[in-house]
Structure formats: C-alpha cells, structure tokens
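Written below as structure tokens is the structure these notes are about.
Every value quoted in this text rests on a predicted model; they were computed, and no experiment measured them. Side chains included, hydrogens not; waters and symmetry mates left out as well; all remaining heavy atoms used. Numbering of residues begins at 1 and proceeds along the displayed sequence.
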Amino acid sequence: MDEVKTAGGAEAQDTPKRKRKAPKLKDLGLGVPATGGEVLRDAKEAAAIEAHWRDLGDAKPPKGGGKLKYVDELARLQFELIKLQEWVRVNGLKVCVLFEGRDAAGKGGVIKRITESLNPRVCRIVALGTPTEKERGQWYFQRYVAQLPAKGEIVLFDRSWYNRAGVERVMGFCTDGEYQEFLRACPQFEEMLVRSGIILIKYWFSVSDEEQEKRFTERMRNPIKRWKLSPMDLESRKHWVEYSKAKDAMLEHTDKKLTPWYIVDADDKKKARLNCIHHLLQQIPYQDIAPVELELPPRQGDDGYKRPKKSKQNWVPEIY
C-alpha cells in the first residue's frame with residue numbers, strides 16, 4: 001500500500017514533521033486472502049473507481065459482445081446512480097428496493113456498491129434486527145412501514161418483510177396461520193404501497209449450494225468476514241431444501257404483475273453486482289439534471305487571529 005501523504009499548511013509549521021515508516025499490510029494481518037484480502041481488494045477497487053470520475057462525463061454503455069473491465073463498468077454505473085439519485089430527489093419520487101436471497105448470496109456487496117457513491121440523506125439502508133417483544137405484538141408489517149421512503153428518498157432493504165416467508169417459516173419462528181396470512185396479505189400490502197406512489201423493486205439473489213459453501217468456508221477462516229456468519233446462517237445449511245421450497249412458495253404467491261420479483265444469478269459476485277445495478281437503473285426513467293453551479297466565496301480576511309501553538313493541543317501522532 002502506498003504511504004498516505006499528509007499536507008501541512010503554513011500554520012502548521014511551528015513544529016518539525018516526524019517521518020515514521022508505515023507498517024506493511026502483512027504486519028497488520030491484512031495482506032493475505034486468508035486474513036483480509038477482501039479489505040485490500042475493496043480498497044483497490046475504490047481507488048480505481050475514484051480515478052475514473054473525471055473521465056465519466058461522456059461515458060457510454062459498452063457495446064454488445066465486447067469485453068469490459070469490471071471496475072470501468074462499475075464506475076460508469078455508479079455515475080449513473082448519481083444521476084438517478086438527483087432525479088429522485090428533485091422530483092420527489094419514493095423508491096423502495098428489496099434485496100432478498102440465501103445467506104452469503106451477495107446482497108450486501110451490491111448494496112455497498114450502490115450506496116458508496118450516493119448521498120446517505122437521499123439513499124439509506126434498512127437492515128432490521130430481531131423484532132422486540134413490543135414489535136412481535138404489532139401488525140407484522142408495522143415496523144417495516146416506519147422505514148418506507150418519503151418523497152425524494154431511496155430506501156434499500158437488506159432483507160425485508162419477506163423474513164416471514166423464509167427464515168421464520170423454515171425455522172418455526174411463526175405459526176402456520178401467521179405464515180398463511182402473510183402469503184395472503186403480502187400482495188395486497190405491496191399493491192397498497194404502489195398505489196400510494198412508492199416505486200417497489202424486488203430482487204432475489206440466487207446462489208448455488210456449492211458457491212454458498214465456498215463463501216461460508218471463507219467467512220469461517222477470515223476474521224474480517226467472520227461477523228457476517230451467524231449461528232442462524234450455519235443452521236440454514238441444514239435446511240437447504242426446506243428453504244428452497246419456501247422460496248418457491250413465496251414466489252408463487254407474491255410474484256405479481258404489479259410487483260414482480262427479479263432473480264439475480266449471484267454465483268459470480270462481480271457480474272451479479274453489475275447486472276443488478278444496470279437493471280435497477282432501467283426500472284426508473286430518469287434524466288441527467290445539470291447540477292446547480294456553485295461559486296466558491298473568498299475566504300474571510302485575516303483580522304489579527306492567531307492560531308494556538310500545536311504544542312498546547314493533543315494531536316494524533318503522524319504514524320503514516
């Protein structure tokens with residue numbers, strides 16, 4: 001990793017700079033795939049995308065049949081997401097996107113790539129935990145309704161009310177009556193959302209048994225990824241077929257013309273990210289709104305202010 005250069009202004013010259021050799025990635029346990037290769041890969045990906053921004057003003061989609069570089073196309077799609085975000089904000093649209101699928105199917109990866117270039121005040125992620133006792137006594141959809149988008153917002157649900165059709169059904173966290181009522185009520189609930197003006201988009205990330213096992217094994221061995229692996233994830237492996245049956249029943253009852261499911265082949269993470277983002281952009285007609293031109297005002301004049309000496313303040317040591 002290149003050293004991070006720090007810039008010191010004229011007012012920071014009262015103490016000499018101390019140069020220390022930055023620790024290497026391998027010394028931090030971040031240099032090899034077994035312990036943290038993903039961190040390095042993500043950092044390189046982010047740096048490569050950042051380098052593309054100045055060249056993306058006239059970027060065009062790749063022509064069919066031609067090969068493309070993952071980072072190049074991801075940068076272009078993220079640039080388009082910024083245009084979409086501004087269109088949603090200015091026109092007061094309400095966009096709700098659901099990401100569902102098996103554990104380790106790649107939902108979090110695509111959500112991360114969607115949001116990393118967007119304004120969190122416009123685009124936010126909802127990932128609700130286990131319901132509280134109070135929430136268990138509420139109407140099932142109630143806690144999700146509170147998270148729905150207002151005008152000018154995009155909300156990405158990292159798992160949603162479809163928990164009832166999946167983990168709750170398979171693991172016995174709901175009664176058969178509650179499950180059947182969900183299958184009956186869910187299409188009506190989603191139709192109400194659409195009639196209220198919400199743009200509802202639903203993605204199911206499909207991953208094979210072999211690929212999920214590979215990703216679970218990596219998470220078990222990788223301390224940086226281990227937090228992603230819960231006891232419930234491991235338990236789900238024992239119920240693979242039951243989850244498959246539950247998914248099929250869910251699609252049968254809730255894949256409606258007004259609120260369809262879109263299935264993402266997620267065995268290849270990078271392709272899944274590009275395909276999903278590209279598809280998302282196609283679901284909402286938008287235009288490139290020219291941003292308001294801003295003019296940087298002149299800095300306030302010096303009226304005799306003197307900055308305190310650095311020696312009297314607690315500065316973070318310059319290790320890098």
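Cluster membership for Val207 and Tyr262, using ILVMFWY side-chain heavy atoms within less than 4.5 angstrom, is not shared. Hydrophobic clustering, with ILVMFWY side chains joined whenever heavy atoms are under 4.5 angstrom apart, keeps Val97 apart from Val126. By the criterion of side-chain heavy atoms lying less than 4.5 angstrom apart, applied directly or through intervening Ile, Leu, Val, Met, Phe, Trp or Tyr residues, Val90 is grouped together with Leu93 in one hydrophobic cluster. Criterion: ILVMFWY side-chain heavy atoms under 4.5 Å apart, direct or through other members. Under it, Phe157 and Leu200 are part of a common hydrophobic cluster. Under the 4.5 Å side-chain heavy-atom criterion for grouping Ile, Leu, Val, Met, Phe, Trp and Tyr, Val145 is connected to Val194 within one hydrophobic cluster.
Counting only distance, with no hydrogens or angles, the side chain of Tyr144 and the backbone of Leu128 share no donor-acceptor pair below 3.5 Å. Checking side-chain atoms of Arg159 against main-chain N and O of Gly101 turns up a donor-acceptor pair under 3.5 Å. A donor-acceptor pair is defined here as one N or O able to donate and one able to accept, closer than 3.5 Å; such a pair exists between the side chain of Trp87 and the backbone of Pro285. Checked by atom type and distance alone, the side chain of Asp255 pairs as donor or acceptor with a backbone atom of Trp261 at under 3.5 Å. A donor-acceptor pair under 3.5 Å links the side-chain atoms of Asn119 to the main chain of Arg121, judged by distance alone. With Arg143 contributing its side chain and Glu135 its backbone, the two residues share no donor-acceptor pair below 3.5 Å.
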Would Tyr286 and Leu281 count as a side-chain contact (heavy atoms from CB on, under 4.5 Å) if you check the C-alpha gap in whole Å, the side-chain angles of each, and the deciding distance to 0.1 Å?
CA-CA 8 Å; Tyr286 66 95; Leu281 290 166; 3.9 Å; yes

Apply side-chain contact (heavy atoms from CB on, under 4.5 Å) to residues Lys69 and Val71 and explain how you reach the verdict.
CA-CA 6 Å; Lys69 292 182 179 180; Val71 168; 5.6 Å; no

Checking side-chain contact (heavy atoms from CB on, under 4.5 Å) for the pair Leu77/Arg113: CA distance, chi angles, key distance, verdict?
CA-CA 10 Å; Leu77 292 174; Arg113 270 69 184 183; over 6 Å; no

With side-chain contact (heavy atoms from CB on, under 4.5 Å) as the criterion, how do Phe182 and Phe189 come out once you've worked through the C-alpha distance, each side chain's angles and the decisive distance to 0.1 Å?
CA-CA 10 Å; Phe182 173 82; Phe189 170 67; over 6 Å; no

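Sorted by first then second residue, the side chain to side chain donor-acceptor pair (under 3.5 Å) pairs that include residues 192-208, not counting sequence neighbours, are Tyr162-Lys202, Glu190-Lys202, Glu191-Arg195, Tyr203-His279, Ser208-Asp267.
One distance of note links CG of Leu193 with CG of Leu148; it measures 5.5 Å at 0.5 Å rounding. Rounded to the nearest 0.5 Å, atoms OG1 (Thr254) and CZ (Arg184) are 14.5 Å apart. In this structure, Trp161 CH2 and Glu100 CD are separated by 9.0 Å, a value rounded to the nearest 0.5 Å. Here Leu280 contributes atom CG and Asn275 contributes atom CG; the two are 12.5 Å apart, rounded to the nearest 0.5 Å. Atoms NZ and CG, on Lys269 and Leu274 in that order, are 14.0 Å from each other to the nearest 0.5 Å. Rounded to the nearest 0.5 Å, atoms NZ (Lys83) and CG (Asp288) are 4.5 Å apart.
Salt bridge absent: Asp158 and Lys112 never bring a charged side-chain N and a carboxylate O closer than 4.0 Å. Using a 4.0 Å cut-off between a side-chain N of Lys or Arg and a carboxylate O of Asp or Glu, Arg89 and Glu86 qualify as a salt bridge. Remark: Glu73 engages Arg76 in a salt bridge, criterion side-chain N to carboxylate O under 4.0 Å. With salt bridges taken as basic N to acidic carboxylate O contacts below 4.0 Å, none links Lys214 and Glu218.
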Donor-acceptor pairs under 3.5 angstrom involving side-chain atoms of residues 243-250: please list them, not counting sequence neighbours.
| from | atom 1 | to | atom 2 | distance (Å) |
| --- | --- | --- | --- | --- |
| Ser244 | OG | Arg102 | NH2 | 2.3 |
| Ser244 | OG | Trp240 | O | 3.1 |

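Scanning for salt bridge (charged side-chain N to carboxylate O under 4.0 Å, His left out) contacts around Arg136 gives Glu133, with sequence neighbours left out. Taking the salt bridge (charged side-chain N to carboxylate O under 4.0 Å, His left out) definition, one finds that Glu213 meets it with Arg237, sequence neighbours left out. Residues meeting the salt bridge (charged side-chain N to carboxylate O under 4.0 Å, His left out) test with Arg124, sequence neighbours left out: Glu153. Among residues two or more places apart in sequence or in another chain, the salt bridge (charged side-chain N to carboxylate O under 4.0 Å, His left out) test is passed with Glu178 by none.
When all heavy atoms are compared, the tightest approach of Glu116 to Gln78 is OE2-NE2, 2.8 Å. Of all heavy-atom pairs spanning Pro260 and Lys257, the tightest one is CD-O, 3.6 Å. Nearest heavy atom pair, residue Ser160 against residue Tyr140, reads O-OH, 4.5 Å. When every heavy atom of Gln313 is checked against every heavy atom of Trp315, the shortest pair comes out as OE1-NE1, 3.1 Å. Minimum heavy-atom separation, Phe99 to Cys276: CE2-SG, 4.0 Å. In terms of heavy-atom proximity, Arg273 sits nearest to Tyr70 at NH1-OH, 3.1 Å.
Contact of the Pro187 side chain with the Thr259 side chain is not registered, since no non-hydrogen atoms from C-beta on lie closer than 4.5 Å. Within the 4.5 Å cutoff, the side chain of Phe141 has heavy atoms near those of the Cys186 side chain. Contact check for Leu183 versus Gln180: side-chain heavy atoms found under the 4.5 Å cut-off. Considering only heavy atoms from C-beta on, Leu84 stays 4.5 Å or farther from Leu118 through its side chain.
With Leu156 as the fixed residue, the side chain to side chain contact (heavy atoms under 4.5 Å, CB included) test singles out one of Val110, Ile201, Thr115, Leu98: Thr115.
Surrounding CE of Met171 are more than 12 heavy atoms belonging to other residues, nucleotides or ligands, all under 6.0 Å away. Within a 6.0 Å sphere centred on NE2 of His239, heavy atoms belonging to other residues, nucleotides or ligands number more than 12.
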